[in-house]
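This report refers to the structure that appears directly beneath it.
Because the structure is predicted, anything quoted here is derived from the model rather than measured. The sequence lines fix the lettering, A, B, ..., with proteins before strands; numbering per chain opens at 1.
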Amino acid sequence: MDLIRVNNLSFKYGEKKVINNISFNVNDGESFGIIGPNGSGKTTLLRLMTGLLNSSDGEIQFNGNPISNYGKKELARLFAVVEQEGTPPLAFSVEEVVAMGRYPWLKPFANLTKLDHQIIHKALTTFELLGIRNQPVNTLSGGQRQLVSLARAMVQQPKVLFLDEPTTYLDIGNQQSLMRHIRKWQEEKGLTTIMVLHDLNLAAQYCDRLVLLDQGSIKAIGKVEEVIREQEIEKVYKIKPILVKHPLTKVPQILLN
Amino acid sequence: MNNKRFFWTGGLFLLLLFSIILTIMIGAVKVPIETTVRILLGHIPFLDIDQNWTSSQDSIIWNLRLPRTFLAILIGAMLSLSGVAFQGILHNPLAEPYILGVSSGAALGAATTIIFLNQNLFIGQLTLPFFALIGSLITLGLVLLLSNVKKQRGNETLILAGVVIQSLSGAILTFLIAISGEQMQSIIFWMMGSLANKDWIDIFIILPIFIIGMIYLFTQSRVLNVMALGERAAIHLGVNVARKKLIILIVASMLAASAVSIVGIIGFVGLVIPHLIRLLIGPDHRILLPVSTLAGAIFLLWTDTLARIVIDSREVPIGVLTAFIGAPVFAYFLRKGLKEGS
């Protein structure tokens, strides 16, 4: 069943068309990847889907209703977003930042309830942050700060998790740990994830379906094997890639020539 | 969190009460502490206190020092509170209550009144503050208009719009001072800021603005905390960032504008106290806002007391003292904070 529908969506920055009449669906519970070269409109598409940007040209629906019909807090209870930079280096403690994820659920002036604290504790446990929960965020590494962002997003109890190049600043150890944490959460809660990824191999490894963007248009969409193909990659990225099968998961992986 | 808040606000509140009694005693005419307390209690209705003080002592305490004390407390609290809000919204280390130009607008309004108008025109001693307030509201309005790009106000755009409008009103002000002749001294003295020669009416005018502003900002502490994550993150948590930002900036500017209109430009309080308190107790606005409000009040109360006693029978401009005391204290904590890597 499709949870999110993008219908004939276009978007311009000034006169420059960044998203050019695109339509696709995201299914409930799947892991959906948005890939494409620099400037192809990936982040703009993500920001349109999360309601950060608005377009009068086309429509985005969640559960059959346009997202512009949802209130700001209502939307924040459905969508959580983790950005590239993760949590900024603040003097707030890990637990304080994670607790901020409860904001859309809190009544005005109300304090955190016992249930809120349980939800926060669960997220700290899931992302292995319990031991450092009293440390200020500005003493953590980039990888740990990204986990703090994920824990904060989990506390939001969203139906959909959006990620904008979450692995950009992470080493391969942290990349793998982050993606595994997301997968675990997804399996436990039936979460839908939509992520912008630069790294095609990571996208092939961790997404169920992909959309390949170029200059604001869809160049390919479908299962990983239908999108990560020599001719598509060559056309969009202007390189001659070598495609191999991952020895364990059998998904296509790209080697540079 | 609750223990920390109780400890800090309770401690500072006691320190403030203690400071009030002490600073009222201090001055050219010494009034013993017992008499001071008795005079204060004597003015509370239904309290039966034997009157064993002279009427001149009563007048010094009740009509001169007490209003000045309350004014110092209010102005210090308003500037510090406003500074916390500006720093919380703009995420700029230089953010302070005058960053959107309210002080330069107030100066322009005051100078215009001093040069061109009868200072007792239609509302007597309040004419000057009235036009200073009008001046600061005009500059604030211009900055908000100038920084409005598709209903969004970026932090850099806001700060730069503030710089532009301040330069413009600064130029007009310099021109006015140049042509002012003998009123030049009055304008310069106004700009240096002073709490001298004020009475209860000034307090009754700004008290409601302070109370409304304080209550509003205290209710926004959770929003200010979430905004620390960045504006996009705050939007994704369901905060209406554009609207909240505008209202908080206007409320904080109103606090600063009404303070400046009454006492002139007193710098440093709204910049240094919020930074200092943040270094001491951390970034949580639920504690930061009340503690900074109290700390600003105590700080300005003591600097104003110094301003009136440092030189015999002469006032030192209070802005000189706020910077003179504030800068070294701040420098010390800044170095200490940097060494500890926070």
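Nearest heavy atom pair, residue A/Y103 against residue B/V226, reads CD1-CG2, 3.9 Å. Closest of all the heavy-atom pairs between A/A76 and B/G238 is CB-N, 3.5 Å. A pairwise comparison of heavy atoms in B/A228 and A/F92 identifies CB-CE1, 3.9 Å as the closest pair.
Contacts of A/R77 with chain B are absent, with no heavy-atom separation under 4.5 Å from either backbone or side chain. For A/V97, the part lying near chain B is the side chain, with the backbone staying farther off; criterion is any non-hydrogen pair under 4.5 Å. With a 4.5 Å cut-off on non-hydrogen atoms, A/L75 does not touch chain B at all.
For the atom pair CG (B/N240) and NZ (A/K73), the distance works out to 10.5 Å, reported to the nearest 0.5 Å. In this structure, the separation between CZ on B/R232 and OG1 on A/T50 is 9.5 Å, given to the nearest 0.5 Å. To the nearest 0.5 angstrom, A/L90 atom CG is 6.0 Å from B/L229 atom CG.
Under a 3.5 Å cut-off, the side chain of A/Q156 and the backbone N or O of B/H236 do form a donor-acceptor pair.
Annotation: B/K245, atom NZ; neighbour count of heavy atoms from other residues, nucleotides and ligands within 6.0 Å is above 12. No more than 12 heavy atoms of other residues, nucleotides or ligands shown are found within 6.0 angstrom of CZ on B/F18. Environment of CD in B/E156: sparse, with no more than 12 heavy atoms of neighbouring residues, nucleotides or ligands closer than 6.0 Å.
Using a 4.5 Å heavy-atom threshold, the side chains of B/L237 and A/R152 count as touching.
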